[in-house]
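Heads up: the structure comes next, in C-alpha cells.
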Amino acid sequence: MYKFIIAIQLQPGTREKILKRAPVAQAATRAEPGCIAYDFFTCTDDPDRLVFVETWVDQAAHDFHMEQQHTKDFIAFHEQFHESLVFETINIASNQ
C-alpha cells in the first residue's frame, strides 16, 4: 500500500476556490484503478490549510494518477494559491 498526506498552506482567502474544483478532481481520481481513498480535509484551527490524504494499492497506481490530465489540471490550478506544501509518505505504525 502507498499512502501519504499532503498539507498545503494556502494564501489567505483562497480555500474556497480550490474546494469548488475539488469534487470533480476527487470523483475522477476515485474512479482510477488502484485508488483506495482520496480525501480532502480542512483544518479546524486554520482556514487557510488543506490536507489531502491519499491511499493507493501501490506506487505504480499513484504514478499512473500523476500522469492523468485531470490530475495535472487540478495541480496546476491549486499550485497558484500555495504558500507552502508538505508531502509525507506514511505507513501504518506497528510495534513488530
Side-chain angles (χ1 to χ4, degrees):
M1 188 178 325
Y2 186 63
K3 186 170 190 148
F4 55 89
I5 296 171
I6 301 169
I8 303 171
Q9 190 65 41
L10 301 170
Q11 298 167 9
T14 61
R15 182 180 75 174
E16 293 308 314
K17 292 177 183 181
I18 296 171
L19 292 180
K20 186 175 180 179
R21 288 201 179 180
V24 173
Q26 188 175 45
T29 299
R30 286 179 171 175
E32 290 176 23
C35 180
I36 296 170
Y38 185 81
D39 297 296
F40 303 109
F41 300 90
T42 56
C43 292
T44 57
D45 60 344
D46 185 347
D48 297 319
R49 187 170 177 83
L50 290 179
V51 176
F52 295 19
V53 180
E54 301 185 28
T55 307
W56 299 88
V57 295
D58 56 23
Q59 188 169 352
H62 180 254
D63 292 345
F64 172 83
H65 163 68
M66 293 303 293
E67 294 302 318
Q68 303 311 298
Q69 192 60 51
H70 70 88
T71 302
K72 292 176 182 180
D73 292 346
F74 186 55
I75 290 170
F77 174 74
H78 70 69
E79 280 183 332
Q80 65 184 316
F81 304 116
H82 294 186
E83 285 190 355
S84 65
L85 180 143
V86 176
F87 181 102
E88 297 178 284
T89 303
I90 58 174
N91 291 311
I92 296 172
S94 70
N95 54 0
Q96 296 179 10

Just to verify, what does [X] make a side chain to side chain donor-acceptor pair (under 3.5 Å) with, not counting sequence neighbours?
X: Asp73; answer: Gln69
X: Glu32; answer: His65, His70
X: Arg21; answer: none

Margin query: Minimum heavy-atom separation for Ala61 and Pro33, please, with both atom names.
Written below: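 Closest approach of Ala61 to Pro33, heavy atoms only: CB-O, 4.0 Å.
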
Less than 3.5 Å apart, which donor and acceptor atoms pair up between the side chains of residues 84-91 and the rest of the protein, not counting sequence neighbours?
none

Check: Do any N or O atoms from the side chain of Gln11 and from the backbone of Gln80 form a donor-acceptor pair under 3.5 angstrom?
Finding: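 Yes, the answer is positive, given that a donor and an acceptor are paired below the 3.5 Å cut-off.
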
Next item on the list: Could you tell me whether a side-chain N or O of Asp58 sits under 3.5 Å from a main-chain N or O of Tyr2, the two making a donor and an acceptor?
Entry: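 No.
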
Quick one: side chains of residues 22-29, donor-acceptor pairs under 3.5 Å with protein atoms, not counting sequence neighbours, listed by atom name and distance.
unit_1: Gln26; atom_1: NE2; unit_2: Tyr38; atom_2: O; d: 2.9
unit_1: Thr29; atom_1: OG1; unit_2: Ala25; atom_2: O; d: 2.8

Item checked: ring pair (Phe, Tyr, Trp, His ring centres under 6.0 Å) against Phe81, all qualifying residues, sequence neighbours excluded ->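 With sequence neighbours excluded, Phe81 shows a ring pair (Phe, Tyr, Trp, His ring centres under 6.0 Å) to Phe77, given in chain and number order.
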
Would a single hydrophobic cluster contain both [Y] and [X], if residues Ile, Leu, Val, Met, Phe, Trp and Tyr are joined by side-chain heavy-atom contacts under 4.5 Å?
X: Phe52; Y: Phe4; value: yes
X: Leu19; Y: Ile6; value: yes
X: Ile18; Y: Phe41; value: no

Note to self: Distance check, rounded to the nearest 0.5 Å: Asp46 atom CG versus Arg15 atom CZ?
What the structure shows: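 If I round to the nearest 0.5 Å, the distance is 9.0 Å.
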
Next item on the list: Would you please indicate yes or no on a ring centroid separation below 6.0 angstrom for His78 and Phe40?
Entry: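 No: the rings miss the under 6.0 Å criterion.
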
